[in-house]
Number of protein chains: 2
Amino acid sequence: MPEADRERFSDFLARLSPRDRGDLLRLALRRKVAKCELVFQAGSAGNFVHFLEAGRVKVYHLSSGGKEVLLWFCLPGEIFGLAEVCHGGGRQVYAEACESSSVLSVSQRDFKAYLETHPAVALLVNDVLACRLRNLGNVIQSLVASDVNERVVQLLVRLAATHGHKAPNGEICLDIRLTHQEMANMIGTTRQSVTSALNALRRLGVLDFDDNHHLRIHSERLLSETCVPAQHPGA
Amino acid sequence: MPEADRERFSDFLARLSPRDRGDLLRLALRRKVAKCELVFQAGSAGNFVHFLEAGRVKVYHLSSGGKEVLLWFCLPGEIFGLAEVCHGGGRQVYAEACESSSVLSVSQRDFKAYLETHPAVALLVNDVLACRLRNLGNVIQSLVASDVNERVVQLLVRLAATHGHKAPNGEICLDIRLTHQEMANMIGTTRQSVTSALNALRRLGVLDFDDNHHLRIHSERLLSETCVPAQHPGA
DNA sequence: CGGTTTCTGTCGGCTGGCCGACATGTCCCG
DNA sequence: CGGGACATGTCGGCCAGCCGACAGAAACCG
């Protein structure tokens with residue numbers, strides 16, 4: 001189920017040619033970010049684009065009631081803070097380090113000038129934005145049309161694709177450890193409901209936890225819990 | 001509340017220089033699309049990008065249970081079907097004409113080659129994708145963190161921004177007529193709940209309907225029904 | 001190592017809004 | 001123009017899952 005080279009795919013820096021990467025890094029400032037420290041926050045100016053060199057960063061909305069809506073996790077090599085740099089306007093989301101991290105930052109002005117002279121990179125930025133757009137479209141569909149148990153399953157499918165690696169025996173192990181609250185924040189439900197759904201899936205044999213408490217998915221069983229997209233009447 | 005030049009903003013073709021536009025149109029095929037006809041559907045190859053010349057097109061997911069999740073409407077001049085062209089992979093959404101429409105189509109291969117030689121247009125594509133990404137992020141937050149009445153209000157704010165024009169007396173008139181079902185499909189609720197919420201807002205004086213049944217919003221009253229984004233603790 | 005904080009498992013009361021239904025109003029098309 | 005299709009207004013029963021709570025387990029940090 002994980003797409004081949006998925007990890008390499010999301011690693012923006014690794015997908016640049018050595019020359020393009022060198023030109024970009026020449027524009028970048030490096031910064032250490034402690035666990036729980038904000039890289040940027042909603043309301044601030046979106047005048048830098050960031051690359052995660054090491055660590056993990058979560059990107060989330062924070063609602064007026066204080067509810068955190070977690071959009072995605074950034075892994076090393078990934079670009080983030082991109083939407084406001086491309087489109088302009090202030091930040092709408094928060095980017096916060098989940099662990100001690102290292103971030104490279106390029107100013108909006110430098111980045112735009114760089115894209116104008118590096119067409120292959122501009123296309124790659126399109127690619128990243130398009131991929132995230134498709135993903136959010138899937139999240140919206142899931143939120144609207146699926147009950148909580150289905151949403152947990154669909155999240156597992158997404159996590160397997162972005163953070164999973166296939167073990168020799170066909171199982172998929174997630175490289176990332178998430179709390180039930182984090183998962184709940186990604187699918188718009190409560191921690192308790194995630195706990196309950198995961199335990200039901202565990203009893204069904206769909207998943208378990210390895211010695212390090214990483215989630216391990218039995219992919220064939222997971223697929224049997226997954227809904228297939230509908231064919232349009234008239235198709 | 002409507003951003004100045006919002007309509008011009010989303011009109012991709014109008015934002016191109018005459019030369020860039022001419023080069024692009026040289027690659028395009030024109031096609032008439034009847035009301036309710038699909039421009040493309042989920043599962044098909046994403047090998048064309050489309051520009052709406054006239055008419056209106058809705059872009060939506062269709063869930064396995066047959067529930068339509070409406071992501072956005074395309075207006076004349078707008079580009080759509082872009083995400084799969086940039087990122088690759090099959091279509092995940094449907095694009096269907098809401099009325100008799102005219103569509104210009106450019107093949108993925110031609111479009112990518114075009115972007116490589118037209119850097120300003122590649123940046124504009126970034127802009128469009130980023131804008132849509134921000135919008136979907138807001139939709140997700142709304143779905144997760146707001147009750148139905150709040151979601152209706154937030155939808156009105158979004159519609160005013162993208163489809164509204166300011167009348168001399170400060171009211172905002174929507175240029176687009178939406179059924180309650182369409183609005184429900186945009187915010188993940190039922191037609192009945194939208195009807196109920198709209199009627200409550202009408203009784204509050206927030207909105208009414210003009211002679212053509214277009215929705216008219218009293219923007220100051222609408223703002224008083226809108227939640228403000230939270231300040232992050234520690235900001 | 002031990003105290004504190006965070007995470008997970010479990011429970012039951014409560015309610016927002018979904019759902020199906022029906023009546024009335026509006027629009028469309030032959 | 002008029003009949004049929006579609007949209008809107010209204011109602012009440014029902015339930016998925018939210019919420020608050022508590023206990024036990026696990027992780028963290030000085």
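If you're wondering where the values come from, they're calculated on a predicted model, not measured in any experiment.
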### Query
In whole angstroms, how far is the P atom of D:dC6 from the CD atom of B:Glu182?
13 Å
### Task
Return the value, rounded to whole Å, for the distance between atom CZ of B:Phe209 and atom P of D:dT8.
8 Å
### Task
Report the distance from atom CG of B:Leu215 to atom P of D:dA7, rounded to the nearest whole Å.
16 Å
### Query
B:Lys35 has an atom NZ; how far is it from atom P of C:dC28, in whole Å?
7 Å
### Task
State the CG-CG distance between A:Leu159 and A:Leu178, to the nearest 0.5 angstrom.
6.0 Å
### Query
If only side-chain N and O atoms of B:His180 are considered, is one of them under 4.0 Å from the OP1 or OP2 phosphate oxygen of D:dT8?
yes
### Message
Side chains of B:Arg202 and B:Asn199 only: does a donor on one sit below 3.5 Å from an acceptor on the other?
### Response
yes
## Note on the structure
Nearest heavy-atom approach of B:Ala28 to B:Leu104 is CB-CB, 4.1 Å
### Task
Please report, rounded to the nearest Å, how far the P atom of C:dG9 is from the CD atom of A:Gln181.
14 Å
### Message
For A:Tyr60, run the side-chain hydrogen bond (donor to acceptor under 3.5 Å, both in side chains) check against A:Glu96, A:Glu68, A:Glu182 and tell me which one passes.
### Response
A:Glu96
### Message
Between C1' on C:dG17 and CG on A:Asp147, what's the gap in Å once rounded to a whole number?
### Response
16 Å
N/O to N/O distances under 3.5 Å, protein versus nucleotides 18-22 of chain D:
from: D:dC18; atom 1: OP1; to: A:Thr189; atom 2: OG1; distance (Å): 3.2
from: D:dC18; atom 1: OP2; to: A:Thr189; atom 2: OG1; distance (Å): 2.5
from: D:dC18; atom 1: OP2; to: A:Thr190; atom 2: N; distance (Å): 3.1
from: D:dC18; atom 1: OP2; to: A:Thr190; atom 2: OG1; distance (Å): 2.9
from: D:dC18; atom 1: OP2; to: A:Ser193; atom 2: OG; distance (Å): 3.0
from: D:dG20; atom 1: N7; to: A:Gln192; atom 2: NE2; distance (Å): 3.4
from: D:dG20; atom 1: O6; to: A:Gln192; atom 2: NE2; distance (Å): 3.2
from: D:dA21; atom 1: N6; to: A:Gln192; atom 2: NE2; distance (Å): 3.4

#### Entry: Short side-chain N/O contact from A:Asn149 to OP1 or OP2 of D:dG17, under 4.0 Å
no
### Task
Over all heavy atoms of both residues, which pair between A:Ile172 and A:Gly164 is shortest? Give the atoms and the distance, please.
CG2-CA, 4.0 Å
### Summary
Whole-Å distance, A:Asn199 CG to D:dA25 P, equals 15 Å
### Task
Starting from P on D:dG9, measure out to CG on B:Leu201 and report it in whole angstrom.
12 Å
### Summary
Here the pair of heavy atoms bringing B:Ser102 nearest to B:Lys32 is CB-NZ, 4.0 Å
### Task
May I ask you to verify if any side-chain N or O of A:Arg202 is less than 4.0 angstrom from the OP1 or OP2 atom of C:dG9?
yes
### Taking every non-hydrogen atom, the tightest pair across B:Ala97 and B:Val33
CB-CG1, 3.7 Å
